Amino acid sequence: ELKVEQNPLFLSMQEGKNYTIYCNYSTTSDRLYWYRQDPGKSLESLFVLLSNGAVKQEGRLMASLDTKARLSTLHITAAVHDLSATYFCAVAMFSGGYNKLIFGAGTRLAVHP
Amino acid sequence: EAGVAQSPRYKIIEKRQSVAFWCNPISGHATLYWYQQILGQGPKLLIQFQNNGVVDDSQLPKDRFSAERLKGVDSTLKIQPAKLEDSAVYLCASSLDPGGVFEQYFGPGTRLTVT
C-alpha cells in the first residue's frame, strides 16, 4: 500500500526566509501533485509533476520530483505572509486500471514578520 | 469555466440521523471522486466513479455510506446512520481523464458536524 509522508508537519517561517517541504512516498509512481489549502477552503492545485526530474515554478514556489528517490520537494523562496496555508502533496497510484491519489498529511505553514 | 459545485456547505446533525451531500462536477469531466477530510489530515478517497460506474470504493464504509452518480453527471453521497467519527469535510472532485495528466479539481466541500 502506498504511503505518503510529508515533513515537516508544521512550519513557522519568518518573512524573507527560504525553506523546503519534503514529500516521500513508499512505492513507485511517476506522478505527483501539490495542492494548497487555506483555512476553511478547498484544495487549489499548485503543481503537476509527471516525470522524473520535473521542475515547476510559480512565483516564490518551486516543486521538483525525483522518482528514483521517491521524493518531491516544495521550495519556498523569500516567504511572504500570503503563502501561509496548508500544503499537501498527493501521489498517483495506479490500481485496477485507474489512477487514484494518496495524500500526505499536509504541512501547515505560517509566515510571520 | 464553472468549477465543481457542492451543497450544502455546512450541515449539523445528531448521531444516528441521515444526511446527503450533492456534487455537480465540471462539465465534461468523466471521473468524479468523493473524499473525506478529517480535521488536521489529508483527504482520503471514499469512492471514485468513471462516468456512472464505480471503479474504486475500497475505503467506503459500506454499512453506512452510499453514493451514486446518475447519468454520469451529478452525484450524491449519503450517510445513514451517522456516527460522531463521521464529522469531517466531504470534498467532491472531478477530472477530465483518469489516466493522462489526471489533474483533479476540488469543490468547496461540505462541512459535517455530528453531535
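Every chain is numbered from 1 and lettered A, B, ... according to where its sequence line falls, protein lines coming before strand lines. As the structure is a computational prediction, the values presented were derived from the model and not from experiment.
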Notebook entry, point to check: Is A:Tyr98 linked to B:Ile47 within one hydrophobic cluster, defined over Ile, Leu, Val, Met, Phe, Trp and Tyr using a side-chain heavy-atom separation of less than 4.5 Å?
Noted result: no

Notebook entry, point to check: For A:Leu71, does the CG atom sit with more than 12 other heavy atoms under 6.0 Å from it, leaving out its own atoms?
Noted result: yes

Checklist line | Portion of A:Gln37 that has a non-hydrogen atom of chain B nearer than 4.5 angstrom | finding: side chain

Note to self: Whether the side chain of B:Gln48 engages the backbone of A:Asn99 through a donor-acceptor N/O pair (distance < 3.5 Å, no angle test) should be reported.
What the structure shows: yes

Next item on the list: With chain A as the partner chain, list the residues of residues 51-79 of chain B whose heavy atoms fall under 4.5 Å from it, by residue number, and write 'none' if nothing qualifies.
Entry: B:Val55, B:Asp56, B:Ser58

Item checked: Gap separating the OG1 atom of A:Thr86 from the CD atom of B:Gln41, nearest 0.5 angstrom -> 12.5 Å

Notebook entry, point to check: According to a 4.5 Å side-chain heavy-atom criterion applied to Ile, Leu, Val, Met, Phe, Trp and Tyr, with indirect links allowed, do A:Val111 and A:Leu11 form part of one hydrophobic cluster?
Noted result: yes

Check: Around A:Arg36, counting heavy atoms of other residues, nucleotides and ligands shown, do more than 12 lie under 6.0 Å from its CZ?
Finding: yes

Next item on the list: Report the distance from atom OH of B:Tyr105 to atom CD of A:Glu44, rounding to the nearest 0.5 Å.
Entry: 11.5 Å

Next item on the list: Give a yes or no on this: more than 12 heavy atoms of other residues, nucleotides or ligands lie within 6.0 Å of atom CD of B:Glu85.
Entry: yes

Notebook entry, point to check: With the 4.5 Å side-chain cut-off for hydrophobic clustering, are B:Leu112 and B:Tyr35 part of the same group?
Noted result: no

Note to self: Minimum heavy-atom separation for B:Glu103 and A:Tyr33, please, with both atom names.
What the structure shows: CA-CE2, 4.2 Å

Check: Does A:Ser42 reach the main-chain N or O of B:Gly109 with its side chain, forming a donor-acceptor pair under 3.5 Å?
Finding: no

Checklist line | B:Leu39, CG: over 12 other non-hydrogen atoms inside 6.0 angstrom | finding: no

Note to self: Does any backbone or side-chain atom of A:Leu101 lie under 4.5 Å from a heavy atom of chain B? Answer side chain, backbone, both or neither.
What the structure shows: both

Checklist line | same_hphob_cluster(A:Tyr87, A:Leu9) at 4.5 Å side-chain heavy-atom cutoff | finding: no

Notebook entry, point to check: For A:Phe88 and B:Gln37, what are the C-alpha separation, side-chain angles and deciding distance, and is it a side-chain contact (heavy atoms from CB on, under 4.5 Å)?
Noted result: CA-CA 12 Å; A:Phe88 292 96; B:Gln37 186 178 21; 3.4 Å; yes

Check: Going through the distances and angles, do B:Leu45 and A:Phe103 end up as a side-chain contact (heavy atoms from CB on, under 4.5 Å)?
Finding: CA-CA 9 Å; B:Leu45 179 68; A:Phe103 280 81; over 6 Å; no

Next item on the list: May I ask whether B:Tyr33 and A:Ile102 are part of the same hydrophobic cluster, defined by side-chain heavy atoms of I, L, V, M, F, W, Y residues being less than 4.5 angstrom apart, directly or through others?
Entry: no

Item checked: Greater than 12 external heavy atoms within 6.0 Å of A:Met62's CE -> no

